[in-house]
Structures are given as C-alpha cells and as structure tokens.
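Quick note: residue numbers are just sequence positions, from 1.
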Amino acid sequence: MEFVTYEQEGFVGIVTINRPKALNALNSKVLEEIDEVFSNVNLEETRALILTGAGEKSFVAGADIGEMSTLTKEQGEAFGKKGNDVFRKIETFPIPVIAAVNGFALGGGCEISMSCDIRICSENAVFGQPEVGLGITPGFGGTQRLARIVGVGKAKEMIYAATNIKADEAYRIGLVNAVYPQTELMEMAKKLANKISKNAPIAVRACKKAINEGLDVDMDKAIVIEEKAFGSCFESEDQREGMNAFLEKRKVEGFKNR
Ligand code: CAA
C-alpha cells in the first residue's frame, strides 16, 4: 500500500491515510487502498476501528483537486460513485469506526469523517464543505450526511456559503463528540475504541446495524428492526455470559464474540 497503513492493537485496528505531501487528499489510488484495507480487516479479531490521517496538520484536505480538474460529466459522476461506494462501506462496516480528526477535514475529508460512527477531533481541526467555491457540489455524501448530523439549516449554511468551522464550533453543533489537544487525540480514540471492544461484539454490531437501518425507515419499521436485533442476541454465548455474570455478582470473563 502506498497511501494507507493499517495497524492492529489488540481488538482495535488503526487505519491511517498517509499522503502528507497533499495533506492526505483523496485521489483514486487512496480511495482504492482504503477500500482494500477495509476488505482485509479480520472481523474475528477486530472489534473497533480508528480512522485518522498522517501528520499533525491534516486529517484529509478533500478529494484531489488536481485529479478532478479535467473530469467530464460522466467521469465526475463515476468519481463521485467511487468515493460514495467506499464511504458507504465504512458507514455500513460491521464494527464501529471512530474518526480521529487530526486537522483539516475539508470536502471529502469532512465527508469521510461523517461516514464514520463517531467523530472526535484535535483542537486544530477545521471542518467544512468548500466545494461550491470550486464550482462543484460536495460529491462524497456531504449534501446528505451533513444535514442528517447537524440539521438542515446549519448544513445548508455551511455548504452554500462554503463556511469552514473550527473544532469548538464543530463540537457545539454536534459534528464531533469531543475535542482534545493534538497530543492526546489518538490516546483518547484508542481509549474509546477499547471501551467499545470490551462489550459484547455481537451486541455492538447489532446496535450499529439497528441504528443505521432504523434511521432510513419510519418508526413502525424501525422498532421491528430493533426487535430482530434484540432477539438475535439471545442466540449468543456472550448474552448468557453477560447476564450470568450479573446474576452471579461477578465480572464478565471476557466476551468471546460468539
Ligand atoms: N487536492 C489536491 N492537493 C491538495 C488538496 C486537495 N484537496 N489540499 C491540499 N493539497 C496540496 C496542495 O496543493 C499543496 O501541494 P503542493 O505543495 O504540491 O503545492 C499541499 O497539499 C499543501 O497544501 P497548501 O500549500 O495549500 O497548505 P496550506 O496550509 O497553505 O493550506 C488548506 C491548507 C487550507 C487545507 C489548503 O490546502 C486547501 O484549501 N486545500 C483544499 C481544500 C478543499 O477545497 N477541499 C475540498 C476539495 S473538493 C472535494 O472534496 C469534492 C468532494 O466532495 C468529493
């Protein structure tokens, strides 16, 4: 891999977009490598992922403007689909993905963070969808996910006016869950990922699926999705261990993902 690295630390996998000369901008090769890295995650031994960018300045500064500059209408649509397919894979990935946003998260950078389950960021992070200033729309999900996360009015303001926001504002509007000094960001991301990993993996996965799928349907259908998820847990060894541990007043002896 030229632009993406993967490290395994216990149950946690760390995916790093590593193209610092271009502030980790997403060209076709980077998108293909992200796709490949996610395809290769061992879901038996991994319970949460962290996605971050290399360096201390930028998470991802967007889709690659050089590559996009000469695209035709058809090629533009295909490039949008390429990014959208990868980001949808992240969004629907069976285990939680935490974006550790360590600097600029502009355009495709803001968009890839929004395809993750949870965003935390460093104090120097900057979020925004500057596309209309380049003569294009957000193309990797920004028009859809930003409104769902921060609300329609704020999303429209940010997108129409190409307004970038700093970490404190991103926290205030709920785009990120927490802001940390740069030096503490990865440690806090790992702490959260490890906390998730200690819980019953089958239940955590079922929660992710139920939350995601439930948001796309009406409440009558959504609660049925939850009922199915809830019921499915009762076929797991981890449910029996979790409840027996409580009843026997002891600690869980480590969930087995079974
Ligand atoms: N694409 C390609 N290259 C990029 C890039 C991008 N999105 N962002 C930064 N780079 C490159 C720069 O061209 C520069 O390369 P050279 O050294 O070879 O000139 C290098 O990264 C460093 O960037 P700067 O010198 O510009 O660094 P800076 O500190 O002065 O500014 C910045 C940082 C404000 C992030 C600025 O680089 C910037 O505005 N980048 C573009 C941000 C942007 O518009 N992103 C949205 C792209 S469109 C999109 O993403 C569409 C979509 O939804 C799919």
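One finds the OG atom of Ser28 at 8.5 Å from the CG atom of Asp64 (value rounded to the nearest 0.5 Å). Once rounded to the nearest 0.5 Å, the distance linking OG of Ser115 with CD1 of Ile34 reads 9.0 Å. Of the inter-residue distances, the one linking Ile120 atom CD1 with Leu185 atom CG reads 5.0 Å to the nearest 0.5 angstrom.
Checked by atom type, the side-chain pair Ser236/Gln239 shows no donor-acceptor distance below 3.5 Å. Side-chain atoms of Glu157 and Thr163 include no donor-acceptor pair closer than 3.5 Å.
A heavy-atom distance below 4.5 Å is not found between the side chains of Val4 and Asn18. Side-chain contact between Ser122 and Phe59 is absent, with no heavy atoms from C-beta onward closer than 4.5 Å. Proximity of Leu43 to Arg205: side-chain heavy atoms (C-beta onward) are separated by under 4.5 Å at one or more points. The shortest side-chain heavy-atom distance between Lys29 and Glu33 falls under the 4.5 Å cut-off. Between Val176 and Val101, the closest side-chain pair of non-hydrogen atoms is not below 4.5 Å. Proximity of Val15 to Ile50: side-chain heavy atoms (C-beta onward) are nowhere separated by under 4.5 Å. Put simply, the side chain of Pro96 does not reach to within 4.5 Å of the side chain of Ile118, judged on heavy atoms. Looking at Asp117 and Ile98, their side chains never come closer than 4.5 Å, going by heavy atoms from C-beta outward.
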Enumerate donor-acceptor pairs with a distance under 3.5 Å from any side-chain N or O in residues 128-136 to protein atoms, sequence neighbours excluded.
residue: Gln129; atom: NE2; partner: Glu131; partner atom: OE1; Å: 3.2
residue: Gln129; atom: NE2; partner: Glu131; partner atom: OE2; Å: 3.1

Could you pull out every donor-acceptor pair under 3.5 Å between side chains of residues 221-234 and any protein atom, sequence neighbours left out?
residue: Ser232; atom: OG; partner: Ala229; partner atom: O; Å: 2.7

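Qualifying ring-ring contact (aromatic ring centres under 6.0 Å, His included) partners for Phe93, counting only residues two or more places apart in sequence or in other chains: Phe38. Partners of Glu56 by side chain to side chain donor-acceptor pair (under 3.5 Å), not counting sequence neighbours: none found.
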Verdict with supporting geometry, Phe140 and Phe79, ring pair (Phe, Tyr, Trp, His ring centres under 6.0 Å): CA-CA 9 Å; Phe140 293 166; Phe79 189 60; 5.4 Å; yes

For a side chain to side chain contact (heavy atoms under 4.5 Å, CB included) check, start with the C-alpha distance between Lys256 and Glu241, then their side-chain angles and the critical distance, and finish with the verdict. CA-CA 9 Å; Lys256 298 204 162 55; Glu241 166 58 11; over 6 Å; no

Applying side chain to side chain contact (heavy atoms under 4.5 Å, CB included), run through Val12 and Arg47 and close with a yes or a no. CA-CA 6 Å; Val12 177; Arg47 299 184 181 182; over 6 Å; no

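Judged as a side chain to side chain donor-acceptor pair (under 3.5 Å), the pairs with a partner in residues 165-180 (not counting sequence neighbours) are, in order, Lys154-Glu169, Glu169-Arg172. The stretch residues 91-111 participates, sequence neighbours left out, in these side chain to side chain donor-acceptor pair (under 3.5 Å) pairs: Thr52-Asn102, Arg88-Glu91, Glu91-Arg145.
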